[in-house]
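Reviewing the structure listed below.
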Amino acid sequence: MSYSSFHIQKASTQEQKHTTKRLTEDQVRLLKSNFDSSKKLEPERKQQLSRLLGIPPRQIAIWYQNKRARLKNQSLEHDYSRLQLQLESTLVETRHLQKEVEQLRGELNKVQAQLAQQARHHSYYNNHQPPMDYSIFACGEEVGSSSRSLEDDVDISYCFGEHVFGAEEMYADACMMGSDLRLVGSEKTSF
């Protein structure tokens, strides 16, 4: 094949490509209805449509290919739009949560400052007060460890921390709180 015959053949092929006819509305409508029923074009169906519409099978195959590509692009655009909306919603929620975190941090800082102030106050108070002794003593002896009864100690005073109580006062308070300090049989209940 000579150089000139190759160019002539190539030019005639290009003319054939450009000579494909534009589809009429009826042809497009028939192709769309067939496409809606089946997205994939079988060779037998392509030949039938070619005879029915009077267009080359290659043009039908290209129309199907382009239609699938447009459908895929539309689907991608729809997915992209949906993802954009989700992203915007997530960004709004993120900003809202960041504001809430800032607010909670502010509240936490206030509470921590109050706790620190209370700790400083209690530290000062504890450093300037004598320690409290919550054990009960009678005349220098711890009560409850001996076998002495409450009736033996009626005239004795008891110290509880800084507070001094008489035996009768403690007995009355204990009875009001539900303690049973009564005599049981002939045996006395120890305090």
Side-chain angles (χ1 to χ4, degrees), residues 1 3 5-135 160-163 176-178:
M1 184 187 285
Y3 178 76
S5 64
F6 175 74
H7 282 295
I8 292 171
Q9 185 179 11
K10 187 176 178 183
S12 67
T13 308
Q14 287 177 346
E15 287 175 18
Q16 285 178 351
K17 287 183 179 178
H18 293 294
T19 59
T20 56
K21 293 187 284 180
R22 188 167 178 93
L23 299 173
T24 66
E25 288 181 25
D26 291 336
Q27 289 172 326
V28 170
R29 197 175 308 118
L30 183 62
L31 285 171
K32 282 182 180 180
S33 67
N34 278 285
F35 184 81
D36 290 341
S37 65
S38 175
K39 308 281 187 257
K40 187 173 181 197
L41 183 64
E42 300 294 331
E44 295 170 4
R45 186 69 183 141
K46 180 170 45 173
Q47 291 300 329
Q48 283 178 338
L49 288 171
S50 174
R51 284 191 299 272
L52 183 64
L53 298 172
I55 55 177
R58 180 77 185 133
Q59 188 175 0
I60 294 172
I62 290 172
W63 186 91
Y64 261 75
Q65 185 178 3
N66 290 342
K67 183 69 172 169
R68 281 192 300 268
R70 282 192 298 270
L71 193 64
K72 184 176 181 181
N73 283 340
Q74 287 173 350
S75 176
L76 289 173
E77 288 173 3
H78 175 72
D79 290 346
Y80 177 78
S81 297
R82 185 178 47 81
L83 289 173
Q84 278 294 108
L85 289 174
Q86 285 179 341
L87 175 63
E88 290 172 13
S89 173
T90 302
L91 289 173
V92 166
E93 184 178 352
T94 300
R95 284 190 290 267
H96 173 73
L97 290 173
Q98 286 172 341
K99 287 180 181 179
E100 190 175 334
V101 165
E102 288 176 23
Q103 180 185 4
L104 291 172
R105 278 189 182 141
E107 290 177 21
L108 178 63
N109 289 339
K110 287 179 185 177
V111 169
Q112 286 176 337
Q114 289 174 347
L115 288 174
Q117 184 179 7
Q118 287 176 354
R120 284 191 301 271
H121 176 72
H122 288 299
S123 174
Y124 174 81
Y125 181 75
N126 289 339
N127 289 336
H128 293 86
Q129 290 284 333
M132 295 289 281
D133 183 8
Y134 292 105
S135 56
F160 182 70
E162 295 179 341
H163 304 287
M176 288 182 71
M177 292 189 319

Take atom [atom1] of [X] as the centre, draw a 6.0 Å sphere, and report whether it contains more than 12 heavy atoms from other residues, nucleotides or ligands.
X	atom1	answer
Arg105	CZ	no
Gln84	CD	yes
Gln112	CD	yes

Exercise for the section: Report yes or no: does Ser81 contribute a side-chain atom to a donor-acceptor pair with the main-chain N or O of Glu77 at less than 3.5 Å? Expected result: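 It does hold such a pair.
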Exercise for the section: Examine distances only and state if a side-chain atom of Thr90 and a backbone atom of Gln86 form a donor-acceptor pair shorter than 3.5 Å. Expected result: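 Flag set: sc Thr90 to bb Gln86 pair under 3.5 Å.
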Is any side-chain heavy atom of [Y] closer than 4.5 Å to one of [X]?
X	Y	value
Pro57	Ile60	no
Trp63	Lys32	yes
Leu41	Asn34	no

Rounded to the nearest 0.5 Å, what separates atom [atom1] in [X] from atom [atom2] in [Y]?
X	Y	atom1	atom2	result
Lys110	Leu108	NZ	CG	11.5 Å
Leu71	Asn66	CG	CG	12.5 Å
Glu100	Gln98	CD	CD	11.5 Å
Arg68	Arg70	CZ	CZ	11.0 Å
Leu49	Leu30	CG	CG	6.0 Å
His78	Leu83	NE2	CG	9.5 Å

Practice task
Check the pair Leu87 / Leu91 against side chain to side chain contact (heavy atoms under 4.5 Å, CB included), numbers first and verdict last.
Solution key: CA-CA 6 Å; Leu87 175 63; Leu91 289 173; 4.1 Å; yes
Practice task
Using only heavy-atom distances, determine whether the side chains of Gln48 and Arg45 contain a donor-acceptor pair under 3.5 Å.
Solution key: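 Checked: Gln48/Arg45 side chains pair up, N/O donor to acceptor below 3.5 Å.
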Exercise for the section: Please assess Gln59 against Leu53 for the test side chain to side chain contact (heavy atoms under 4.5 Å, CB included), listing each intermediate value before the final yes or no. Expected result: CA-CA 11 Å; Gln59 188 175 0; Leu53 298 172; over 6 Å; no
Problem - Gln103: partners by side chain to side chain contact (heavy atoms under 4.5 Å, CB included), with sequence neighbours left out - result: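 For Gln103, the residues satisfying side chain to side chain contact (heavy atoms under 4.5 Å, CB included) (neighbours in sequence not counted) are Glu107.
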Handout entry: Any residue meeting salt bridge (Lys or Arg N to Asp or Glu O under 4.0 Å) with Arg58, in chain and number order, not counting sequence neighbours
Key =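 Result, salt bridge (Lys or Arg N to Asp or Glu O under 4.0 Å) vs Arg58: none returned.
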Problem - Non-hydrogen atoms of Tyr64 and Lys40 that approach each other most closely - result: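 Residues Tyr64 and Lys40, closest heavy atoms: CE2-C, 4.5 Å.
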Practice task
Go through Ser89 and Leu85 one step at a time and tell me if the side chain to side chain contact (heavy atoms under 4.5 Å, CB included) criterion holds.
Solution key: CA-CA 6 Å; Ser89 173; Leu85 289 174; over 6 Å; no
